Novice: 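Quick one: the structure is below, and I'll ask about it shortly.
Sequence positions, counted from 1, serve as the residue numbers for this chain. Everything numeric here is computed off the predicted structure, so don't read it as measured data.
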Amino acid sequence: MTNLTDPIFHDEDKAREHLEAIRWPNGPYCPHCGNADEDQITKLNGKSHRKGLHVCNECREHFTVTVGSVMERSHIPLPKWVLGFHLMAASKKGVSAHQLMRMLGLGSYRTAWFMAHRIREAMIEEPGDTGPFGGPGKIVEADETYIGTRETPRKRKPGQPKPTKGHKSGGAQKRIVVGLVERGGRVRTFHVQEATRDSVRALLVKNVSRKSVLHTDESRIYTETGKEFAEHHTVVHTRNEYVRGNVHTNTVENVWSVFKRGMKGIYQHCGEAHLPRYLAEFDFRYNRRSALGISDTERAHDAIRGAAGRRLMYQATGKA
């Protein structure tokens, strides 16, 4: 368990040293030109320079540990950034912007909201970074879920039932999320506009090894695609069948459970444009869960490493 009285959460110099040790384990490198030659990088000291400032003698650019990361040009003190990363990484169901504002003593909700989005940006894992998961003898579960309400309603298709008197239309006007989970391993979730045979197949063949065993429910969107994998087994939820031997989709259902509890109980509202970042946040924590032997501290360190090479401008996030 992390000690929240640690100086890195309260002292500017200790927080800077902490970030430098994580981002620059082999010594500082220039984020402008990529120069990592210690003899070509000088740390500037003295009253006329701000602390932690370096200069690259190759390109003559100045930089600190926050340059070239989601923390660049932020006026939030470094100890608050370090604690913000820890809180977002350690909270299984997330931390609301209001909670961040109170715990970190930030000046406004807008500042806390933007900070949370920058941390989520650092948590994004690109599929190309780790490649497809699964493989011979590995089980991958696939499922889709529906959450929230579309901001742009979908037109009712011919023959589609009309909404009820309570304006309920099932999943027709909800946001669609597809999840792929390697049992005992990693998860990847995706926000899609339509969950069709073709759209789900594209996600499966790109992210999952075809040598894997695929487990799904009885949905017809998996029928043909399942033939492309080593094996395809289904459980029929409409007949109240949830487990048959080791065939089930309970792992991905558990992912949905934590995700929905966080979205409904902690965040309560999420603009559709921001949904991919929230998905990335929950994926990040699941892929570094305690069951895999990863501590809160290690998870926070991974998020800080992910901050490198990324920027997120307020204009790019839009309104909350």
Novice: Taking the side chain as everything from C-beta on, heavy atoms only, tell me whether M88 gets closer than 4.5 Å to L100.
Specialist: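 Of all side-chain heavy-atom pairs linking L100 with M88, at least one is under 4.5 Å.
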Novice: According to the interplanar angle, ranging from 0 to 90°, do the rings of F282 and F259 count as parallel (below 30°), tilted (30 to 60°) or perpendicular (above 60°)?
Specialist: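 Answer is perpendicular, since the angle exceeds 60°.
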Novice: With side chains defined as the heavy atoms from C-beta onward, is the minimum distance between Y29 and N35 less than 4.5 Å?
Specialist: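 Heavy-atom side-chain distance check fails, nothing below 4.5 Å.
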Novice: Would you verify whether the NZ or CZ of R118 falls within 45 degrees of the ring axis of F114 while also being under 6.0 Å from that six-membered ring's centre?
Specialist: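 Relative to the ring axis of F114, which defines the angle, R118 lies inside both limits.
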Novice: For E121, which of R277, R310, R311 qualifies under side-chain hydrogen bond (donor to acceptor under 3.5 Å, both in side chains)?
Specialist: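 With E121 as partner, side-chain hydrogen bond (donor to acceptor under 3.5 Å, both in side chains) holds for just one option, R277.
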Novice: Quick one: closest heavy-atom pair of A122 and A303, and the distance?
Specialist: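 Closest heavy-atom pair between A122 and A303: CB-O, 3.5 Å.
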Novice: With a cut-off of 6.0 Å (strictly less than), are more than 12 heavy atoms of other residues, nucleotides or ligands near CD of E298?
Specialist: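 For E298, atom CD is crowded (more than 12 foreign heavy atoms under 6.0 Å).
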Novice: Between CD of E12 and NZ of K80, what distance do you get to the nearest 0.5 Å?
Specialist: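 That separation rounds to 10.0 Å.
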Novice: Can you establish whether the number of heavy atoms outside R305 located under 6.0 Å from its atom CZ is more than 12?
Specialist: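 Yes.
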Novice: State plainly whether one hydrophobic cluster holds both V258 and I147, where clusters connect Ile, Leu, Val, Met, Phe, Trp and Tyr through side-chain heavy atoms under 4.5 angstrom apart.
Specialist: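 Yes, one cluster joins them.
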Novice: Mind checking whether I304 and R23 have side chains closer than 4.5 Å, heavy atoms only?
Specialist: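 Yes, close enough: below the 4.5 Å cut-off.
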Novice: Do Y109 and L106 sit in the same hydrophobic cluster, where Ile, Leu, Val, Met, Phe, Trp and Tyr count as joined when their side-chain heavy atoms come under 4.5 Å apart?
Specialist: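 Looking at the clustering, L106 is in the same group as Y109.
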Novice: Can you tell me how far OG of S199 sits from CG of L204, rounded to the nearest 0.5 angstrom?
Specialist: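 Taking CG in L204 and OG in S199, the distance rounds to 10.0 Å.
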Novice: Starting from the C-alpha separation in whole Å, work towards a yes-or-no answer on side-chain hydrogen bond (donor to acceptor under 3.5 Å, both in side chains) for T42 and H54.
Specialist: CA-CA 6 Å; T42 304; H54 295 72; over 6 Å; no
Novice: Can you confirm whether the side chains of S295 and T297 place a donor and an acceptor under 3.5 Å from each other?
Specialist: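 The answer is no; no qualifying pair exists.
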Novice: Between V181, T251, L214, N246, which is the residue that forms a side-chain contact (heavy atoms from CB on, under 4.5 Å) with I139?
Specialist: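 Answer to the side-chain contact (heavy atoms from CB on, under 4.5 Å) test with I139 among V181, T251, L214, N246: N246.
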Novice: Can you find a pair of side-chain heavy atoms, one from R220 and one from R197, that are under 4.5 Å apart?
Specialist: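 Side chain of R220 against side chain of R197, heavy atoms only: no contact under 4.5 Å found.
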Novice: Cation-pi between R120 and Y278: NZ/CZ under 6.0 Å from ring centre and within 45° of the ring axis?
Specialist: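 Pair R120/Y278 counts as cation-pi.
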Novice: Would you mind reporting whether E272 and R175 have side-chain heavy atoms less than 4.5 Å apart?
Specialist: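 Yes - at least one pair of side-chain heavy atoms lies under 4.5 Å apart.
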Novice: From E182 CD over to E141 CD, what is the distance, rounded to the nearest 0.5 angstrom?
Specialist: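 Separation between the atoms: 10.5 Å.
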Novice: What closest approach, in Å, do P31 and G68 show between heavy atoms, and which atom pair accounts for it?
Specialist: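 Looks like CB-CA, 4.4 Å.
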Novice: With a 3.5 Å distance limit and no angle check, can you tell me whether R210 reaches the backbone of F229 through a side-chain donor-acceptor pair?
Specialist: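 No, R210 side chain to F229 backbone: no donor-acceptor pair under 3.5 Å.
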Novice: Is a side-chain N or O of S91 found less than 3.5 angstrom from the main chain of L87, in a donor-acceptor match?
Specialist: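 The answer is yes, because a donor-acceptor pair under 3.5 Å joins these two groups.
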Novice: How about M101 and T111: do any of their side-chain heavy atoms sit closer than 4.5 Å?
Specialist: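 Not in contact.
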Novice: Does the side chain to side chain contact (heavy atoms under 4.5 Å, CB included) test come out yes or no for L83 and L104, once each step is laid out?
Specialist: CA-CA 8 Å; L83 183 53; L104 302 183; 3.4 Å; yes
Novice: Is it possible for you to say whether L53 and L78 belong to one hydrophobic cluster, with membership spreading through side-chain heavy-atom contacts below 4.5 Å?
Specialist: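 Looking at the clustering, L78 is in a separate group from L53.
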Novice: Which atom names give the shortest non-hydrogen contact between I41 and A36, and what distance separates them?
Specialist: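 Between these two residues, the closest heavy atoms are CD1-CA, 4.4 Å.
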Novice: Would D283 and T189 count as a side-chain hydrogen bond (donor to acceptor under 3.5 Å, both in side chains) if you check the C-alpha gap in whole Å, the side-chain angles of each, and the deciding distance to 0.1 Å?
Specialist: CA-CA 7 Å; D283 286 359; T189 55; 2.9 Å; yes
Novice: Quick one, W24 and V65 - any side-chain contact, counting heavy atoms below 4.5 Å?
Specialist: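 Yes, their side chains come closer than 4.5 Å.
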Novice: Cationic tip of R288 within the cone over Y286's six-membered ring, i.e. under 6.0 Å and within 45° of the normal?
Specialist: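 No, a cation-pi geometry is absent between R288 and Y286.
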Novice: One thing to verify: whether R201 and D198 come together as a salt bridge, which I'm taking to mean a side-chain N less than 4.0 angstrom from a carboxylate O.
Specialist: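 Looking at D198 and R201, the cut-off is not met.
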Novice: Is any side-chain N of the basic residue among D302 and R299 closer than 4.0 Å to the acidic one's carboxylate O?
Specialist: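 Answer for the salt bridge query: no.
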Novice: For the rings on H248 and Y242, is their centre-to-centre separation under 6.0 Å?
Specialist: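 For H248 and Y242, the ring centres are not under 6.0 Å apart.
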Novice: Please report the shortest heavy-atom distance between V187 and N287, naming the atom on each side.
Specialist: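 Residues V187 and N287, closest heavy atoms: N-OD1, 2.8 Å.
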Novice: Decide side-chain hydrogen bond (donor to acceptor under 3.5 Å, both in side chains) for T238 and E218; before the verdict, give the C-alpha distance in whole Å, the side-chain angles of both, and the deciding distance to 0.1 Å.
Specialist: CA-CA 8 Å; T238 54; E218 71 275 23; 3.2 Å; yes
Novice: We want to know whether E20 and H18 form a side-chain donor-acceptor pair, criterion being a heavy-atom distance below 3.5 angstrom.
Specialist: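 No, H18 and E20 have no side-chain donor paired with an acceptor closer than 3.5 Å.
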Novice: Using ring centroids (six-membered ring only for Trp), state whether W81 and H86 fall under 6.0 Å.
Specialist: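 Ring centroids of H86 and W81 are no less than 6.0 Å from each other.
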Novice: Nearest 0.5 Å, please: how far is OG1 in T249 from CH2 in W256?
Specialist: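 One gets 11.0 Å once the value is rounded to the nearest 0.5 Å.
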Novice: Would you confirm whether D11, through its side chain, and P7, through its main-chain N or O, come within 3.5 Å as a donor-acceptor pair?
Specialist: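 Not a single qualifying donor-acceptor pair exists.
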Novice: Spell out, yes or no, whether L4 and L19 are grouped together once hydrophobic residues are joined by side-chain heavy atoms under 4.5 Å, including indirect joins.
Specialist: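 Cluster IDs for L4 and L19 match.
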Novice: Any chain of hydrophobic side-chain contacts (each under 4.5 Å) joining F85 to V67?
Specialist: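 Result: yes, single cluster for both.
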Novice: How many angstroms lie between atom OG1 of T66 and atom CZ of R73, to the nearest 0.5 angstrom?
Specialist: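 Spacing of OG1 (T66) from CZ (R73) equals 10.5 Å.
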Novice: Kindly say whether the aromatic ring centers of H117 and H274 come within a distance under 6.0 Å.
Specialist: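 Centroid separation for H117 and H274: below 6.0 Å.
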Novice: If I compare all heavy atoms of C30 with all of C59, which pair ends up nearest, and what's the gap?
Specialist: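 Looks like SG-SG, 3.6 Å.
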Novice: Which value, rounded to the nearest 0.5 Å, describes the distance between I76 atom CD1 and M71 atom CE?
Specialist: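 If we round to the nearest 0.5 Å, I76:CD1 and M71:CE are 10.5 Å apart.
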Novice: Go through the steps to decide whether V140 and V213 satisfy the test side chain to side chain contact (heavy atoms under 4.5 Å, CB included), and finish with yes or no.
Specialist: CA-CA 6 Å; V140 174; V213 176; over 6 Å; no
Novice: In terms of side-chain geometry, is the basic nitrogen of E241 or R244 positioned less than 4.0 Å from the acidic oxygen of its partner?
Specialist: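 Judged by the 4.0 Å cut-off on N to carboxylate O distance, E241 and R244 do form a salt bridge.
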Novice: So, for S209 and G134, which heavy atoms are closest and what is the spacing to 0.1 Å?
Specialist: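 Shortest heavy-atom separation between S209 and G134 comes out as CB-C, 4.1 Å.
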Novice: Assess whether a salt bridge exists between R188 and E125, defined as any Lys/Arg side-chain N lying under 4.0 Å from an Asp/Glu carboxylate O.
Specialist: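 Here R188 does not pair with E125 in a salt bridge, since their nearest N and O are not under 4.0 Å apart.
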Novice: Would you sort out whether T145 and K260 count as a side chain to side chain contact (heavy atoms under 4.5 Å, CB included), showing the intermediate values?
Specialist: CA-CA 10 Å; T145 194; K260 289 186 176 182; 2.8 Å; yes
Novice: Determine the sole option in I221, V200, V252 for which the side-chain contact (heavy atoms from CB on, under 4.5 Å) test with E144 is passed.
Specialist: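 Of the listed options, the one satisfying the test is I221.
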Novice: Are any side-chain N or O atoms of H32 and backbone N or O atoms of H62, one a donor and one an acceptor, separated by less than 3.5 Å?
Specialist: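 The answer is yes, because a donor-acceptor pair under 3.5 Å joins these two groups.
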Novice: Counting N and O atoms only, with roles assigned by atom type, does the side chain of S212 sit under 3.5 Å from a partner on the main chain of G135, one being a donor and the other an acceptor?
Specialist: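 Side chain of S212 to backbone of G135: a pair is present.
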Novice: List the steps, then state whether side chain to side chain contact (heavy atoms under 4.5 Å, CB included) holds for V95 with I266.
Specialist: CA-CA 7 Å; V95 183; I266 304 297; 5.6 Å; no
Novice: Quick one, D217 and D143 - any side-chain contact, counting heavy atoms below 4.5 Å?
Specialist: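 Yes, their side chains come closer than 4.5 Å.
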